[in-house]
Protein chains: 2
Amino acid sequence: MRSEIEPGGRKPRSFIEEARRAQIVASAVAVIAEVGFAQASLARIAKHAGISKGVISYHFAGKEELMEEVVTRVYTEAADHVLAEMEGLQDAGELLRTYVIANAAHMRRHRAQIMALGEIFNNLRTAEGKPRYGVQTSEEIYQALESVFRLGQRTGRFRDFDLRVMAVTLSAAMDSMFGYWAAYPEHDLEAHARELADLFERACST
Amino acid sequence: MRSEIEPGGRKPRSFIEEARRAQIVASAVAVIAEVGFAQASLARIAKHAGISKGVISYHFAGKEELMEEVVTRVYTEAADHVLAEMEGLQDAGELLRTYVIANAAHMRRHRAQIMALGEIFNNLRTAEGKPRYGVQTSEEIYQALESVFRLGQRTGRFRDFDLRVMAVTLSAAMDSMFGYWAAYPEHDLEAHARELADLFERACST
DNA sequence: TCAATTTCTGACCGCATGGCCAAAATCTAG
DNA sequence: CTAGATTTTGGCCATGCGGTCAGAAATTGA
């Protein structure tokens, strides 16, 4: 099971090429997390990286490609971590709980990255003004969650509820957990995650 | 119980003044709902209203005041409708269910307005670049929901869960229901709302 | 009717942005 | 060492934005 956000990898032309791209992406993450997407201009990102603005244009086709690279790196890393934690589990309830807890753990260790990811998801638009990452981007997540719910229903562990509604709601619950923690860093993320796991276990169970 | 978003009303100087403001707000709603906040420039809103751009500057102190007026009108209308439906109910479970259903019903009848509201909530920034409507804007909603949950716990109808987590999650669930419907207009909003009511009733109940 | 007031127009301003490019600097390979 | 390729610089450009303004138009009231 692997993320489908960016199916094909790219081949770096040189070591410097790859290093520069990684550095620019890191600066983009830092700047977006600090000042928000709207204020994250190429000039600001370049300044943070200690390079000239033109360097970004040299290594990336445009701002959109840079943002997509940020999404790809951060998203795949998070997905890989969560999926690795879920690997091997058989019980739908455990899968559900692990999904919630592992996600929270990853958020806590990669706060800036996830904040940047959310900013880009919410704000990046195509040239025509349409959201670059809309609801259809979440389709992959929805289907993965639905497969867990379906397993639970098949084994009799879960009651008979609408798969899509539950998936959309759980996904939104995770986002809101992160959003609340982002706004109130003192908030106990782990406790929130445990409450969420209980909440959805009760909502799903027979 | 009344919304606290904009405590003080304004006094319109004349009939034309009020009519123009209402017309401009309506055009702002339509444009934002159609092309998104980022593309909703004053020029575009003016064009939609069939007036010159300067008229907006004449009737509003600036773009921020216009957006805040949109939020005030749309939000208070929605809150008043939902709260009116809940008025008089005593049982926490019924209050919860009514909150979900009434919200969905209002969304369905005011799709463009709610879309514009969401766009503004997510995108409007102050001059310093900070979100104008952040998580603290939801504090009012959270506390209202918590009072319902607390009632249920006091009467023994609900189990002992974390009030804040449940409120944040329910609020996010409502937002995601609207977001999904906004992306897929064929989606059955009422059925979704019923599923949500069931979901949270199970999650809350003893 | 006609002057005072309110409202509207359309051009204009300063600003920030993303992108572009010629020239300079740096690195690499023969 | 040197010639060619790669990488970086810093200034420049067109664009679109929110906001302003003088003057025209419309409305109002006596």
Side-chain angles (χ1 to χ4, degrees), chain A residues 10-28 31-32 34-71 119-120 123-130 132, chain B residues 10-28 31-32 34-71 119-120 123-130 132:
Chain A
R10 67 175 41 259
K11 41 184 128 175
R13 308 197 175 180
S14 69
F15 176 72
I16 288 186
E17 165 82 16
E18 174 55 26
R20 264 281 184 266
R21 285 181 70 102
Q23 177 197 16
I24 292 169
V25 165
S27 286
V31 171
I32 293 172
E34 184 186 340
V35 303
F37 181 88
Q39 310 287 327
S41 63
L42 292 184
R44 214 154 171 172
I45 294 170
K47 189 177 179 183
H48 182 279
I51 57 179
S52 172
K53 195 179 53 158
V55 181
I56 300 182
S57 294
Y58 180 77
H59 289 284
F60 294 90
K63 194 180 188 182
E64 186 165 338
E65 190 192 302
L66 169 57
M67 293 300 152
E68 287 170 357
E69 178 101 4
V70 172
V71 169
E119 283 284 317
I120 296 173
N123 294 302
L124 186 61
R125 313 266 161 159
T126 66
E128 306 88 42
K130 295 290 151 193
R132 173 65 180 80
Chain B
R10 67 174 42 257
K11 44 182 128 176
R13 309 199 173 180
S14 70
F15 175 73
I16 287 187
E17 165 81 15
E18 173 55 24
R20 265 282 186 265
R21 285 180 70 102
Q23 178 198 16
I24 292 169
V25 165
S27 286
V31 171
I32 294 171
E34 185 186 340
V35 303
F37 180 88
Q39 309 288 327
S41 64
L42 292 184
R44 213 153 172 173
I45 294 169
K47 189 177 180 182
H48 181 278
I51 59 180
S52 170
K53 195 178 55 157
V55 181
I56 299 181
S57 295
Y58 180 77
H59 288 286
F60 294 89
K63 192 178 188 181
E64 186 166 337
E65 189 192 301
L66 169 58
M67 293 300 152
E68 287 170 357
E69 178 102 4
V70 173
V71 169
E119 283 285 316
I120 296 174
N123 294 303
L124 185 62
R125 312 266 162 160
T126 66
E128 305 87 42
K130 295 290 151 193
R132 173 66 180 81

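All heavy atoms count here, side chains included; hydrogens, waters and symmetry mates do not.
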Atom [atom1] of [X] and atom [atom2] of [N]: how far apart are they, to the nearest Å?
X        : N       : atom1 : atom2 : value
Ile51(B) : dG10(C) : CD1   : P     : 12 Å
Ile45(A) : dA16(C) : CD1   : C1'   : 15 Å
Ile24(A) : dT8(D)  : CD1   : P     : 8 Å
Phe60(A) : dT8(D)  : CZ    : C1'   : 15 Å
Gln23(A) : dT8(D)  : CD    : C1'   : 12 Å
Arg20(A) : dT9(D)  : CZ    : C1'   : 12 Å
Glu18(B) : dT6(C)  : CD    : C1'   : 17 Å

Check side chain to side chain donor-acceptor pair (under 3.5 Å) between [X] and all other residues, then give those that pass, not counting sequence neighbours.
X         : value
Gln23(A)  : Arg20(A)
Thr126(B) : Glu128(B)
Glu64(A)  : none
Ser57(A)  : none

Which residues pass the salt bridge (Lys or Arg N to Asp or Glu O under 4.0 Å) test with Glu34(A), not counting sequence neighbours?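 Checked Glu34(A) against salt bridge (Lys or Arg N to Asp or Glu O under 4.0 Å); zero matches.
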
Has Tyr58(B) got a side-chain N or O lying under 4.0 Å from the OP1 or OP2 atom of dC8(C)?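 So the side chain of Tyr58(B) is outside the cut-off, no N or O lying under 4.0 Å from OP1 or OP2 of dC8(C).
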
Using OP1 and OP2 only, check whether a side-chain N or O of His59(B) sits under 4.0 Å from dC8(C).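 Yes, His59(B) has a side-chain N/O under 4.0 Å of OP1/OP2 on dC8(C).
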
Would you tabulate the pairs of protein nitrogen or oxygen atoms and nucleotide nitrogen or oxygen atoms of nucleotides 17-24 of chain C closer than 3.5 angstrom?
from    : atom 1 : to       : atom 2 : distance (Å)
dG18(C) : OP1    : Lys63(A) : NZ     : 2.4
dG18(C) : OP2    : Leu42(A) : N      : 3.0
dG19(C) : OP2    : Lys63(A) : N      : 3.0
dG19(C) : O6     : Lys53(A) : NZ     : 2.3

With the side chain counted from C-beta on, respond yes when Leu42(A) and Leu66(A) share a heavy-atom pair under 4.5 Å apart, and no when they do not.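 Yes, at least one pair of side-chain atoms sits under 4.5 Å.
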
